[in-house]
Structures are given as structure tokens and as C-alpha cells.
2 protein chains.
Amino acid sequence: MVSKGEETREKLLDIAEQQILLNGFAATSIDSLIKEAGITKGGFFYHFDGKNDLAYALMHRYRERDAFLFSGLFNRAEELTNDPLQQMLVFVKLLSEMMEDLKGLHPGCLVASFTYESHQVNEEVRKITADMVMDWRRLFEVKLEKINASYQPKADTTSAELADMLSTIIEGGIIVSRALNDPSILVKQLLAYRSYISLLYA
Amino acid sequence: MVSKGEETREKLLDIAEQQILLNGFAATSIDSLIKEAGITKGGFFYHFDGKNDLAYALMHRYRERDAFLFSGLFNRAEELTNDPLQQMLVFVKLLSEMMEDLKGLHPGCLVASFTYESHQVNEEVRKITADMVMDWRRLFEVKLEKINASYQPKADTTSAELADMLSTIIEGGIIVSRALNDPSILVKQLLAYRSYISLLYA
DNA sequence: TCGAAAACTTTACCCGGGGTATAGTAAAAA
DNA sequence: TTTTTACTATACCCCGGGTAAAGTTTTCGA
């Protein structure tokens, strides 16, 4: 049973996430959040110490949700096959299908948002953002090293670099998709990464 | 002979570029710009109609400089070899070396900055940012299609996708480098792209 | 060298947003 | 039913974006 306070808090985080992904952190005003949530400023400050505290809470939730999501996708991949290469390929495929389904919305990621406004936001937000990217690296790197144990790669790119490459393509794909106002670019880039991995261990 | 007005204007653009790359557009105040430039607010508004006008002028200059830079790197590559594949590989190598030299500075790109704060900035800025990414696509795609005429690619990724992949890796590499506070990631990702192209047409 | 633009300075003001504080109140939980 | 919880309402301060207009110096061309 979720308390009323938790409900409002989550609602504020939902609205904040939406607005920050669309307009950035600095451009997202507390006023616009409370207006959409239908509460007053006092209500906001009851739940959060200020804008930076909201950013931290939001990023914390974002990281946890993302970890849950990614491990869920990997689990589905592991159910389908025992081969680590196939698992990685399925994971990227599932991820691209997820992005395909979200085509209607503007693509965005809080990591990019906060990274680009890092000095405006506090040090704790910067740290948790870095932690989240490190989560990705570890998650992908483990799988890529298992692939290396069974297959001979056709280039000398390290597992860490290949892991970071997926993070890079996700973040960069979002930027380019936003810049050109074409969400399909992100999907295509994920499939291009998949194609690269496939070729590398073919 | 450059007039005094032009000099101050360029100085303001330089300072703005630096601050926006570091802190983002919204967090960059006119006050901090004029303080660093040593002029008053009136002086700023003599040169620019406002913050959005500054953003547009800045992005215009950024696009032109970048086009000059990239075509310069391609010219150097074309002087070294006639093979389009080798030219592409040399281009990416030169680009990575440039980034390596800039390791001391925080990596950044106005495309990412403005793309992530697009709704805060005006429509004209959004458009010129998209134009710049389209410049990149065209520049890379032409070269990649020439490669396709001489070599047989080992995967069915299109030239446009491979072209966008470089833009994606540049922008994403900057984000990940910033997030982890490690400029070497961008350099490594560029070399990983190079390695992919090399493998694709080997 | 002189006068007219150009390139500013100075001052003063409005508004919106972040942030603080505090008294009061309705609703939920114990 | 009483005590927290979860707010509302009001009122304020400061900063920064942005506007406006009058006055001053600098530059440059005729």
C-alpha cells in the first residue's frame, strides 16, 4: 500500500522526468512542475529540499529502473540461447525494438541531460550519472568477455571499448535523432552496432 | 582590418562558446559573459538582440568553422592517398589525433548542447543545428559511397547509416567522456569506428 | 581635422523563477 | 480519536533575462 505522500512524490518525479527530457534541467521550472501536478510550492518543498534534491532523487530512480530494464532484457536473451554472442545480439535487438515502440515520443536520456548541465547541478548528481554509465559498461563488458572466451575477434578492440561503444551509440543516437527530429536513427544505429558485433565475431 | 565592433562581437562569441560548452545554454548568463568580456549589458545588446540571437550567431559561426575544419582534414587525407577507403581511415585517424590533443579541455559540442535545450532556444537555432548534422552526413556519405564502388562491404549497413554512425559516435563519445570525466573515451571510440570500417571493407 | 556614425556606458526598470519561512488546514494512519 | 502526514496560502528576498533610452567616447572616412 502506497501512501498519499509517496504518490504525490512519484507524480512530481514523473512530471519532472518528462519535462527535463524534453527541455533540459535548467529550463524546467518548479512552477511548471507544481502547475502540472496541481499542487502549490509549499507542497513541492515538503517533498524535496529544492531543485537539486529533486534531480538527485530523479536520477536515483532512473538508474534503478534502467538497471531493472536492462537486466530484464538480458534475462529474456538468456532464456532464448546459451551462446553469449547470440545473447548479446538478442539483447541489442530487443533494445532496438523497444526504441522502435517509443518512436512517437521524443528520444531522450537523463544521463545526457545532466551530463550537459553538470556544473549547474550538484556534485552528487554528477556522481550518480557517472555510476549509471559505469553500470552499463560492467553489464556489457561481462557479456563481451564471455564472447571473447568462445570466439576469436577479427579486430583488436577491447571488451571495455566495445561495451562503451554501445553506451556511446545509445547517447549519440539520441542526440542525432533529436537534432534531425528522426527517432528511427537511434533504432538504425543500434542495429548497426549489432551488425558490427556480428561481423567482429563471425 | 577588423573593426573594433567586430572584435568585441567575436570576443563575446568566444566567451559564450566556452561557457555554453561547459555549463549549457540556459546556465550561461549574459551577466557572466559581459563580466568576462569587460563590457556592460548595453554593450551586449548593441551587438545582439538577446540571448537567442547570440545562440544563432554562435551556431552559425560554429557550423562554418567545423565545415572548414572537416574539409581540411579530408584534404590532408586526399593528399596522402587516392583510395577512398584509406582516405576515410586517415580522416578518422586525424580526427582522433585532434581530440587527443584537446584532452586537457572538457570535451563538448554545441550540437549536443543546443539539441538538449532545443525548446528553450528558438526554432532557427534548432534548424541550423540540424543543418550541421546534415552537413556531416553528406560529407561522410559521399566518401563512403565511393568506397562501396571499389570494395564489397561485409554487412548490409547503408552508407547513410555508416555516415550517421560517425556523427553518433562523436556526439555519444563526448557525452560518455563527460559523464565519466575521461576524455580518452572519445578518442578510443573514434578509433573503434575506424576499426569497424576497416573490418567492413577488408 | 572635423563631423558623423559606431561602439559603447550608465541608469533604471519589469518580470519570472529559485528559494525561504511560517501559519493554518484537511486527510490519513495509529 | 488523536497525532502525524501532507499539504495550502501567503508573503517575501534575490538574481538573472530582457528592455529602454539618454549620454559619452572612439573610430573612421571624407
task: Rounding to 10 degrees, work out the angle separating the end axes of the helix from C/dT1-D/dA30 to C/dA30-D/dT1 (five pairs an end).
output: 30°
- request: Go through the structure and list residues passing side-chain contact (heavy atoms from CB on, under 4.5 Å) with A/Phe45, not counting sequence neighbours.
  value: A/Ile30, A/Lys41
field: Spacing between B/Leu33 atom CG and D/dG17 atom P, to the nearest angstrom
entry: 8 Å
- prompt: In terms of side-chain geometry, is the basic nitrogen of A/Asp135 or A/Arg63 positioned less than 4.0 Å from the acidic oxygen of its partner?
  reply: yes
task: May I ask you to say whether A/Glu17 pairs ionically with A/Arg61, meaning some side-chain N is under 4.0 Å from a carboxylate O?
output: yes
field: Residues that B/Val187 engages under side-chain contact (heavy atoms from CB on, under 4.5 Å), provided they are two or more places apart
entry: B/Ser96, B/Met99, B/Glu100, B/Leu191
task: Can you run down the ring pair (Phe, Tyr, Trp, His ring centres under 6.0 Å) pairs that involve residues 156-196 of chain B, sequence neighbours left out, and say none if there aren't any?
output: A/Tyr196-B/Tyr196
query: So, B/Lys35 and B/Asp31, do they make that salt bridge, N to O below 4.0 Å?
result: no
message: Taking B/Lys93 first and then B/Glu97, would you say they form a salt bridge - that is, a charged N and a carboxylate O separated by under 4.0 Å?
response: yes
task: Scan nucleotides 15-21 of chain C nucleotide by nucleotide, 5' to 3', and note B when protein non-hydrogen atoms come under 4.0 Å of the base, S if they reach only the sugar-phosphate, - if neither.
output: --SBBB-
- line: Against the side chain of A/His47, the closest entry in C/dT9, C/dC8, D/dC7 is D/dC7
List the atom pairs, donor and acceptor, that lie under 3.5 Å between side-chain atoms in residues 65-74 of chain A and the rest of the protein, sequence neighbours left out.
{"from": "A/Asp66", "atom 1": "OD2", "to": "A/Trp136", "atom 2": "NE1", "distance (Å)": "2.8"}
{"from": "A/Ser71", "atom 1": "OG", "to": "A/Ala67", "atom 2": "O", "distance (Å)": "3.0"}
{"from": "A/Ser71", "atom 1": "OG", "to": "A/Phe68", "atom 2": "O", "distance (Å)": "3.1"}

